[in-house]
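Sequence lines set the chain letters: A, B, ... in the order given, protein chains first and strands last, and positions in each chain run from 1.
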Amino acid sequence: MIKPVLLWSDALILLLLWSVAGLVWLARNNETLRGPWRQLLRNPVGASTALILAVYVAIGLLDSVHYVERLPDTPGQAARYSGEVRSGLDWALTPLRENVEKTYSAPFATHLYAKETLKGPDGGELRDFPRLKYGGAHLADARQDFWPDLLTRGGLGMLAGLIAWLVFFPLFQRGSEGDLVATASSAKNKSPLTLLWERGGLAPAFAWTLLAILLLVGLLIALAPNYHILGTDKVGQDVLYLSLKSIRTGLLIGSLTTLVMLPFALGLGIAAGYFGGRVDDVIQYLYTTLNSIPGVLLIAAAVLVVQVQIEAHAELFNTAAARSDVRLLALCGILGVTGWTGLARLLRAEALKLRELEFVQAARAFGVTHSRILLRHLLPNVMHLVLITVVLDFSGLVLAEAVLSYVGVGVDPGMISFGNMINGARLELAREPVVWWQLAAAFLFMFVLVLAANLFADQVRDALDPKSSGRK
Amino acid sequence: MLNYLIRRILYAIPILLGVNLLTFALFFMVNTPDDMARIHLGVKHVTADSISRWKIEHGYDKPLFFNEKAVGAARAADTLFVEKSLKLFALDFGAADDGRDIAREIKTRMWPSLAIALPTFLVGLLAYISFALLLVFFRGTRLDTAGVVLCVALMSISGLFYVIGGQYLMGKLWHWFPISGYQPGLDAWKFLVMPVLVSAVASIGDSTRFYRSLFFEEIAKDYVRTARAKGLSELRVLFRHVLGNAMIPILTGVVVVIPRLFMGSLIIESFFGIPGLGSYTIDAIQAQDFAIVRSMVFLGSLLYILGLVLTDISYTLVDPRVRLE
């Protein structure tokens, strides 16, 4: 029996999803709004990075469905639940989560990193590397069977991935008649596969990215239950599991911060530009003051305060998950409150320009109220700037989390995040042999996410910003 | 010019006051001195008595804004706000929780910070602008495309990776430099090269791309076409005309950070064990020493405003059209 748990961050994710879905629904029949996005998905870089980001988001979402398990009933007592909050991802990765070794082990290792005193076959004692409890435990002879086993399992996994790709493939090919005619006219010099994909409105690169992802997933599913693909950390936890769990933290910081920042940036930025005068002075004073404080210090100061407050009200948060969740939200809030100045300045300049244009002047002459002008005439005309900034900021925030966690003002030290993974492993490079896998895994997962986000952001900017299109 | 400077300095006062109020609110009102005492004394032996003793020892035993017990002007003056916050305006930073004078620490620690930050700044600026000019010179070719892709890839790597990777390669594997530490005097260079290199490389992707797009904007302007039409070589156009005219946007971003160089870098200094202001701050954050954090926030704001003024002055130097009235 399980009982669902809704952490605060989960609720905010739902809110975010709901508002994104609402925006998409509103824009579904509007050609001017849909056009740039269609162009984005036809672009090879746009389509493949969107897919990679979608995979990350899917993992993050799965990790945001939380529940607690019901403990075995003791007679005469009300039902009790475990204090450990789990997520859908934990459930999906149960073998990875439970296969905990004693300490470090290298990727694909069958033996532990450190030597131990073992019982020899003749009853005597010897010091050697013991076999892992789970990694490669199914092999009778670790040395002889390792490669054949790895290749069979890996091959089967990749084959399954290929089959899945072939099954998924036709799903993306529902093109309309009009598209068919359009592509037929430009069909010269193009391979049949390219044509097939263009008909579906997606770049062919999308197909190849999908293939790569499915092959990788197949490989991981085939190998992960029996090997520690990325090794284990100091307390023997599987590094692949930690990396996958870190994704949610990174995504949350990147997206929830935006949710906090937007009202400030939109409200204050547009108001400053539109009203001018005193309002402008006050808002400019506000953001100059905030800007003049060194960013990390302001964040550190606020996080220290939040930390003290959480400790002072420890009774409000009954599980460790709830406590680190609140701290994560506080961090997002702080990053949002300190991070709105850049966008606000941009919006102020834009509103300053827009308010002199004829359509705003005409609206004013007709006696339209200020709030209506702001909402109906200014807001839609700055939305592209907002969207571009949001996507551009995302990658910076994911990277900032790692640095802040290192400084000690990031997420809760008990929370699984890229920053905490790096922080926990950075001293291990001094060991001999070097423990590199935990660092490498954190950096790799982060690099792929941030690179995809950066490339995607560039494409979004090209698609949405009329000024940057055509300029390479 | 003089008038302008005086106006700017006067405008700085409300901003600094705002910064002070903000940090004061954070550290004294949201977090009362009682909370602070409790952290420093530990959870176990906290009694009302020991808290008030700690507060007296560290000078936190006064009311926030208004002292009812005092007489006359001391009613407003003998308070925490004046004592802990307004005194910062006179650069009187007070003592840290361990009793040491913060002002003296700042004076000794700013030199190592500067020794790292200044070379980093200069080397970086030179490298980024040269790379950007190189890409602009080869614009439209494969080299430019490859350069931009490389920039995006480099800026997608976490800054921590550069630090850890640099330490591992140059310090542990190749034994070029000591991994961390610092030594005053001329021997310091051994300890400085690696942090400078690492931090210059860490922002190469970001900055090169930024300057490249800046030059691109400039190169689309009419005067460039005129210069080319006169038959000037591409190199001359780039260096004499484009670089010169791009100075204004470059200075906007660059001059403002110069005064802040004194404060050093949090991450670099703590990774490389440099006893500068950055590592001082990070130690204070980790030890929850709010007095130091407050001083650093004030100092940072002060230097930022100084940077803004310097930026305006630098405009008059590179662009004769700009006059500060």
For residues [X] and [Y], determine if any side-chain heavy atom of one lies less than 4.5 Å from a side-chain heavy atom of the other.
X	Y	result
B:Phe161	A:Ile422	no
B:Ile157	A:Leu399	no
B:Ile285	A:Val303	no
A:Leu304	B:Gln286	no
A:Asp458	B:Arg209	yes
B:Ser158	A:Phe443	yes
B:Ile267	A:Val296	no
B:Leu22	A:Ile293	yes

Could you look at [X] and say if it's the side chain, the backbone, both or neither that has a heavy atom under 4.5 Å from chain B?
X	result
A:Leu439	side chain
A:Val305	both
A:Leu290	side chain
A:Val448	neither

Could you tell me which of B:Gln167, B:Met155, B:Met263, B:Arg294 has the largest number of non-hydrogen atom pairs under 4.5 Å with chain A?
B:Met155
Going through the checks in order, is the side chain to side chain contact (heavy atoms under 4.5 Å, CB included) test met by A:Leu298 and B:Val297?
CA-CA 7 Å; A:Leu298 184 58; B:Val297 169; over 6 Å; no
Residue pair [X] / [Y]: nearest heavy atoms and the distance that separates them:
X	Y	answer
B:Gly18	A:Thr289	C-CG2, 3.9 Å
A:Ser292	B:Ile15	OG-CG2, 3.9 Å
B:Arg260	A:Pro294	NH2-N, 3.6 Å

Between the main-chain N or O of B:Pro14 and the side-chain N or O of A:Tyr285, is there a donor-acceptor pair closer than 3.5 Å?
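Such a contact is found between A:Tyr285 side chain and B:Pro14 backbone.
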